[in-house]
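First the proteins, then the strands, lettered A, B, ... as listed; each starts at 1. What you are looking at is a predicted structure, and each value in this text was computed from that prediction instead of being measured.
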2 protein chains.
Amino acid sequence: SRGQVATVEEFHERVARALPGDTIVLANGVWQDAELLFEANGTEEKPIVLSVEEKGKVSLEGKSNLRIAGNHLVVEGLVFKNGFTPTNEVISFRKDSETLANNCRLTETVIDRYNNPERHETDTWVAIYGKNNRVDHNHLAGKNTKGVTMIVRLNSKESQENNHLIDHNYFGHRPNLGSNGGETLRIGTSHYSMTNSKTLVESNYFDRCNGEHEIISNKSNQNTYKYNTFYECTGTLTMRHGNETLVDGNVFIGNNKPSTGGIRVINGQQTVINNYGIGLTGYRFRGAFVIMNGVPNSPINRYFQVEDAKVANNTFIDCDHVQLCAGSDAERSAVPINSIVADNIFYNEKKDDVFTVYDDISGIDFENNIISPNIKPIAEGFVKKALDLKKNEMGLLVPADESLKVGAKISDKIATKENTGVSWYSKADWSVPLSSGKTIQVEAGLNSLFDAAKNSEPGDILELTSEGPYNNTKAIAVTHPLTVKGATGTKPVVLFEKKSLFDIENGGALRLEGLRFDGENAPDDNGNSVISTSKYSMNQNYKLFVENCDFVNLDVNHSFDVIRVYKNTFADTVSVKNSHFEAVTGNVMAFDKETDDIGIYNVEYVILKNNSFKNIGGAALRLYRGGTDESTFGPFLEIDHSVFDNVGHDKRNKYDAAISLYGVQEIDIKNNIFKDSKAINMHLVVGEPIVKIRNNALSNSEKLKVTGDQKYSVENQWQLPPKFS
Amino acid sequence: SRGQVATVEEFHERVARALPGDTIVLANGVWQDAELLFEANGTEEKPIVLSVEEKGKVSLEGKSNLRIAGNHLVVEGLVFKNGFTPTNEVISFRKDSETLANNCRLTETVIDRYNNPERHETDTWVAIYGKNNRVDHNHLAGKNTKGVTMIVRLNSKESQENNHLIDHNYFGHRPNLGSNGGETLRIGTSHYSMTNSKTLVESNYFDRCNGEHEIISNKSNQNTYKYNTFYECTGTLTMRHGNETLVDGNVFIGNNKPSTGGIRVINGQQTVINNYGIGLTGYRFRGAFVIMNGVPNSPINRYFQVEDAKVANNTFIDCDHVQLCAGSDAERSAVPINSIVADNIFYNEKKDDVFTVYDDISGIDFENNIISPNIKPIAEGFVKKALDLKKNEMGLLVPADESLKVGAKISDKIATKENTGVSWYSKADWSVPLSSGKTIQVEAGLNSLFDAAKNSEPGDILELTSEGPYNNTKAIAVTHPLTVKGATGTKPVVLFEKKSLFDIENGGALRLEGLRFDGENAPDDNGNSVISTSKYSMNQNYKLFVENCDFVNLDVNHSFDVIRVYKNTFADTVSVKNSHFEAVTGNVMAFDKETDDIGIYNVEYVILKNNSFKNIGGAALRLYRGGTDESTFGPFLEIDHSVFDNVGHDKRNKYDAAISLYGVQEIDIKNNIFKDSKAINMHLVVGEPIVKIRNNALSNSEKLKVTGDQKYSVENQWQLPPKFS
Ligand SMILES: [Ca+2]
Ligand SMILES: [Ca+2]
């Protein structure tokens with residue numbers, strides 16, 4: 001029978017008496033704080049179905065979740081949004097550790113930005129236990145917080161050799177988490193990685209799944225990945241643990257976006273065939289194709305040696321990095337053995353050094369691989385050949401010669417945005433770019449800027465039309481992307497009386513152009529700042545751009561910073577250009593609130609160009625990443641063409657430096673002048689930090705101090721007294 | 001005319017055309033986010049009045065505030081509650097720095113717990129600018145956040161020589177802020193402390209104003225404090241800056257509560273006469289009566305020498321500490337001069353050493369002071385005399401001999417709870433004690449404890465009736481005082497699957513008795529804890545009591561703590577007794593999240609008695625207070641009769657100690673055993689920390705390490721191998 005229910009109590013009452021063939025229908029509307037337990041037993045012919053009155057008109061919100069337990073159950077048509085689960089799993093294929101789901105199906109279900117406000121509180125959206133379950137045609141988009149989006153658990157015998165099928169799911173945008181725990185799909189854990197899983201992952205679409213560098217973390221034996229599409233994902237399909245994986249017929253589209261990757265091979269008996277990659281720019285563990293070194297007699301949670309790998313008939317067009325023996329170091333010294341790389345195409349006419357070889361590759365047999373004529377072969381078995389490329393019906397460049405036996409053929413079972421997920425829920429992007437909205441003119445006056453910001457809409461531009469001053473007795477909460485700029489030709493003065501002027505709240509982003517921020521009205525209190533993040537967790541990443549601004553007189557009391565961030569906040573980018581900072585008692589910016597030393601940090605890209613810093617008590621920049629975790633590759637730092645004049649000498653400057661860097665993974669500091677300033681201090685930690693210090697002039701300033709034992713390069717460090725006119 | 005208005009727009013429209021003699025009436029109801037500017041000009045005979053339809057039925061809530069500007073205005077009957085001002089001042093006697101209020105009156109207005117959620121975000125409730133203003137019969141209770149409750153500003157000529165009258169106000173409970181900035185009344189700032197203020201503060205009632213050790217901070221010349229009552233206030237009326245203060249006829253009632261104080265004298269020409277104190281226990285800067293040393297040629301923001309002080313006819317009954325030349329150190333070396341202390345009574349039959357003399361008191365002329373016969377005189381001018389004491393009509397002990405010319409007479413103008421504030425708003429205490437509610441029996445079951453806690457009311461007791469296990473898949477939000485205990489004779493097992501079991505949220509307090517907390521179901525993730533504070537700012541202090549509990553198997557991953565606190569949270573007390581901790585990878589408790597080094601810390605009293613700590617990777621305790629601020633006297637620590645067995649050896653233990661103390665101001669560690677453990681590390685910083693380390697036995701453990709240059713005492717540190725049977 002088909003019975004409709006309208007409350008959680010009715011639902012559980014109806015489930016308790018459900019018979020095979022029954023369908024339980026959730027009534028249209030919002031189900032608030034609905035924790036559903038769907039425990040029942042159908043039959044193969046007559047499953048019990050949990051459905052909805054109308055697809056897209058039933059949503060589970062607030063603190064809702066679903067447990068599925070029993071046999072032959074089907075769940076379809078749910079939408080989870082506007083909330084988060086109070087437990088560890090939004091949808092769980094079990095009631096508890098005793099009662100699992102088998103032969104069940106989760107289909108056409110949506111989980112949309114159903115995120116815990118706490119960025120680093122772990123949860124999982126779909127946790128699959130039991131056996132023979134199918135998870136298909138679901139839409140899982142916008143997971144912003146720590147925890148894998150979908151997990152296959154193997155933590156008891158009843159969940160092993162499971163033969164699950166995961167197909168035609170749409171895995172929507174997952175932003176950079178800036179931490180381990182941002183995987184989109186994981187099968188197994190290191191603890192159960194010797195176990196056979198036998199899960200088939202087929203025809204799923206991964207759309208900008210950028211949580212961390214493992215899009216998929218395979219951690220068990222005998223899984224298969226076929227016909228999946230990875231669109232602009234900044235990571236790889238990683239065979240992290242477990243053997244006998246088949247990776248066949250997948251497509252990786254990078255569109256030359258930074259850090260986009262392909263496939264990473266670890267462990268034994270891995271087969272990688274018929275995959276296609278294009279425009280992948282990632283390097284290190286995020287290369288288009290990566291074979292890692294292993295650890296001799298590896299503990300179960302480290303890296304097993306690659307052996308018996310078969311890598312054949314793959315095509316990589318315009319991909320920048322193929323990394324062989326990646327991760328080679330004192331611990332990871334076991335090179336790949338008994339492996340073959342044959343009949344592949346590596347084609348990139350713009351880059352000659354596509355291959356990086358970190359260790360002995362004699363254990364890999366290279367045969368009949370085509371490379372573009374410009375590429376340097378690294379061994380026998382590479383054939384230079386100019387290919388005619390054409391666009392196929394998907395718009396991907398493929399060899400015009402269809403009779404070519406080398407490289408991949410793209411199956412028509414390949415996942416697309418259209419044939420995955422559900423038809424009745426939008427896959428459109430929800431983010432609004434900065435400066436994409438209307439321009440609002442703002443005249444000077446008490447709180448006129450505050451009021452304009454309060455009334456603005458996402459993407460709007462506030463244009464200050466006079467020289468000001470624009471005084472604000474209230475802090476401006478930046479709750480959406482907002483641009484504030486001076487009208488052409490003026491640099492309006494902005495004053496403020498609260499502890500900070502701009503508070504970037506969750507969902508906010510800020511661009512400042514052509515303004516002069518003067519701290520003279522700030523409260524006589526320590527710890528002021530011009531720009532602050534939320535003091536609370538932000539589960540959405542933010543951006544901050546500062547262009548052609550002055551920040552002056554931030555000296556009413558001690559510890560007055562320009563930019564102040566808090567724990568559990570993360571910026572994709574902080575960019576400051578053509579700006580001037582003068583008379584600041586605190587730090588210009590300190591990104592160092594993630595102090596748990598587990599690889600978390602506050603900003604991915606820090607870009608400082610053409611700025612001048614004068615009479616700064618604290619540091620111009622502190623950037624901190626603690627711990628030795630290898631799941632992320634930031635922060636990235638560039639400092640170019642800047643002047644540091646009397647920076648860092650305040651006795652409260654606990655960094656004892658003008659620029660203090662700890663664990664920063666990529667550093668490029670060039671063409672700067674340091675006068676009467678403290679030093680650049682760097683402590684280098686993780687992996688292989690890429691550090692270049694070039695063309696800097698020091699006058700009456702401390703010299704570069706480096707600790708940690710990583711390599712770095714310094715060129716042209718002059719001792720020159722600058723002349724300022 | 002009398003005109004009623006119902007919206008902010010109507011109000012401003014009505015104000016714009018107000019004439020002398022008009023009354024503008026706010027309609028009954030809640031005024032949400034009402035920012036009112038009352039700018040008008042009445043006359044002395046015909047003021048313009050802002051009133052309400054019915055007193056007690058009009059409230060300004062959310063983000064509301066009021067500015068008063070102009071002449072001869074009266075504001076009466078407002079209530080601010082359920083919100084906080086988005087600006088720096090709730091009620092301001094000015095429009096902006098140009099337009100002040102003069103000859104205005106604020107009366108019968110209530111501000112009740114109108115607190116910013118951010119504990120350390122500064123604001124002021126009443127800021128008085130201009131001249132000749134009266135602030136009377138207001139009720140200002142429950143200011144929990146940083147910032148002085150009421151300020152008289154002297155920051156321009158127009159606000160000096162102001163002749164303000166502050167009278168008959170009820171200053172309700174202000175909890176310990178644990179930081180500077182918790183004053184209840186301040187007149188002036190150091191910057192304007194050479195300026196004459198001429199403010200009269202008369203007949204006000206200060207009810208448990210415990211924000212910090214300055215209840216009143218006098219910072220300008222020629223102010224008068226008369227007939228005020230200070231009830232159980234943990235601080236003093238402090239003449240911090242400015243000369244020629246008259247402190248006359250005030251009453252200080254300590255009721256033997258800890259840290260209650262009286263009057264502190266600094267600067268020149270201060271007159272302290274006819275004041276009465278009873279049952280004041282405070283010491284150091286919180287003594288019943290304190291005369292400080294000054295700094296020779298003091299900068300304006302330091303301590304001026306006491307000269308020409310007249311201290312006469314005051315009575316101190318059962319007060320524990322009179323401190324002379326307090327604060328004497330290398331900097332504060334200028335002793336009091338040309339001063340007289342005469343005709344006072346210092347009577348305390350229970351304490352012989354009431355007087356502490358820190359430096360040369362020859363500049364004070366003592367004459368005809370009566371002391372109880374047990375007290376040791378410190379100079380000439382003290383007469384031992386047994387007095388008959390009787391209770392007066394206020395219940396205060398006074399000499400039975402009414403003809404006595406020595407000591408204070410209490411005026412009938414003295415403030416009482418009844419003759420201050422308003423009659424139509426309750427002065428009752430709003431806090432609910434732990435374990436004051438009903439007992440609810442809870443049976444074992446999945447989330448039965450979670451559900452019971454969710455349905456509990458403030459003060460309730462949850463009694464777990466079976467041995468359990470009580471498994472919780474959700475974290476328990478402790479949003480009010482809650483007790484959880486095992487039924488007599490059992491020690492129920494409590495398990496949990498989220499990152500923490502109990503989250504003490506703002507307004508919460510927790511008592512745990514007779515339970516066994518087992519971490520075996522906790523997530524395989526770093527950073528778990530059993531008990532956590534809110535991750536967000538808590539503007540209400542909390543309490544945590546643990547009695548007879550076990551905490552075991554907190555080792556599923558690294559950094560598993562027992563108690564974890566966050567920045568911007570503050571406990572009055574954390575007490576752990578008769579409890580056992582075993583197999584913990586992180587810290588048992590680390591109170592060290594206030595790292596700005598401005599004298600803020602996380603817990604006032606830490607009491608650990610009769611506990612055992614076994615196999616603890618991190619520290620059993622870390623307690624941190626950074627900076628050299630002298631506004632607070634905590635944290636206080638007592639560790640007694642505890643066993644530390646293999647504590648502190650994990651490589652992630654960044655404190656490198658079993659007990660790590662930094663800046664703790666009072667330490668008493670006695671009768672403990674340390675076996676195979678790291679050391680106690682102490683760094684001593686502020687003022688005169690009181691440190692006693694007594695009767696501890698160390699076996700195969702590191703020795704006490706002390707840094708900082710303060711004195712401390714160690715007695716009986718044995719090297720004894722304990723025998724555990
Ligand atoms: Ca990972
Ligand atoms: Ca103070």
Side-chain angles (χ1 to χ4, degrees), chain A residues 35 37 63 65 67 85-89 92 95-97 116-124 146-147 155 180-181 189 191 446-447 450 471-477 497-500 521 523-528 534-537 558-559 566-568 593 595-598 626-627 629 652 654, chain B residues 35 63 65 67 85-89 92 95-97 116-124 146-147 155 180-181 189-191 446-447 450 471-477 497-500 521 523-528 534-537 558-559 566-568 593 595-598 626-627 629 652 654:
Chain A
E35 298 193 75
L37 172 59
K63 295 187 176 175
N65 55 42
R67 288 175 289 163
T85 183
T87 61
N88 291 325
E89 297 163 347
S92 180
K95 176 188 179 186
D96 53 30
S97 60
N116 195 305
E118 289 300 324
R119 175 177 195 94
H120 292 295
E121 184 100 13
T122 303
D123 66 24
T124 293
K146 191 175 175 187
N155 57 336
N180 190 15
T189 57
H191 190 73
L446 189 69
N447 290 324
F450 174 92
N471 191 25
N472 297 277
T473 65
K474 298 181 272 190
I476 296 170
E497 297 187 5
K498 290 291 282 183
K499 215 167 168 59
S500 62
N521 283 10
D524 184 6
D525 200 359
N526 59 68
N528 295 331
S534 174
K535 293 176 182 72
Y536 296 175
S537 167
H558 73 78
S559 308
Y566 288 86
K567 196 168 161 61
N568 299 316
K593 297 306 185 294
T595 55
D596 292 339
D597 294 347
I598 50 174
D629 180 84
R652 288 181 187 267
K654 61 184 169 186
Chain B
E35 297 193 76
K63 295 187 177 174
N65 54 43
R67 285 174 292 162
T85 182
T87 62
N88 291 326
E89 297 163 348
S92 181
K95 176 187 179 186
D96 52 32
S97 59
N116 195 305
E118 290 300 325
R119 177 177 192 93
H120 292 295
E121 185 100 11
T122 303
D123 64 26
T124 293
K146 192 175 174 187
N155 58 337
N180 191 15
T189 57
S190 60
H191 190 74
L446 189 68
N447 290 323
F450 174 91
N471 191 25
N472 297 277
T473 65
K474 298 181 273 190
I476 296 171
E497 297 188 3
K498 290 292 281 184
K499 216 167 168 57
S500 62
N521 283 8
D524 184 5
D525 201 358
N526 58 69
N528 296 331
S534 173
K535 293 176 182 71
Y536 297 172
S537 167
H558 73 78
S559 307
Y566 288 87
K567 196 168 161 60
N568 300 316
K593 297 305 186 294
T595 55
D596 291 340
D597 294 347
I598 51 175
D629 181 83
R652 288 181 187 268
K654 61 185 169 185

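- Each of K63(B), K567(B), K146(B), E89(B) has some count of heavy-atom pairs under 4.5 Å with chain A, and the biggest count is that of K146(B).
- Between K499(B) and E118(A), no side-chain nitrogen of the basic residue sits less than 4.0 Å from a carboxylate oxygen of the acidic one, so the salt-bridge criterion is not met.
- In this structure, E497(A) has no salt bridge (Lys or Arg N to Asp or Glu O under 4.0 Å) partners at least two apart in sequence or on a different chain.
- Heavy atoms of H120(A) lying under 4.5 Å from chain B belong exclusively to its backbone.
- Judged by distance alone, the side chain of N528(B) and the main-chain N or O of P523(B) form a donor-acceptor pair under 3.5 Å.
- Formation of a donor-acceptor pair under 3.5 Å by the N472(B) side chain with backbone atoms of F450(B) is found in this model.
- By the 4.0 Å N-to-carboxylate-O rule, D597(A) lies too far from K654(B) to be salt-bridged with it.
- Ranked by heavy-atom pairs under 4.5 Å with chain A, the first of R652(B), E121(B), K474(B) is K474(B).
- Chain A forms more heavy-atom pairs under 4.5 Å with one residue of N88(B), T473(B), T122(B) than with any other, namely N88(B).
- Residue D525(A) touches chain B through its side chain alone, counting heavy-atom pairs closer than 4.5 Å.
- Heavy atoms closer than 4.5 Å to chain A are found in the side chain of K535(B), but not in its backbone.
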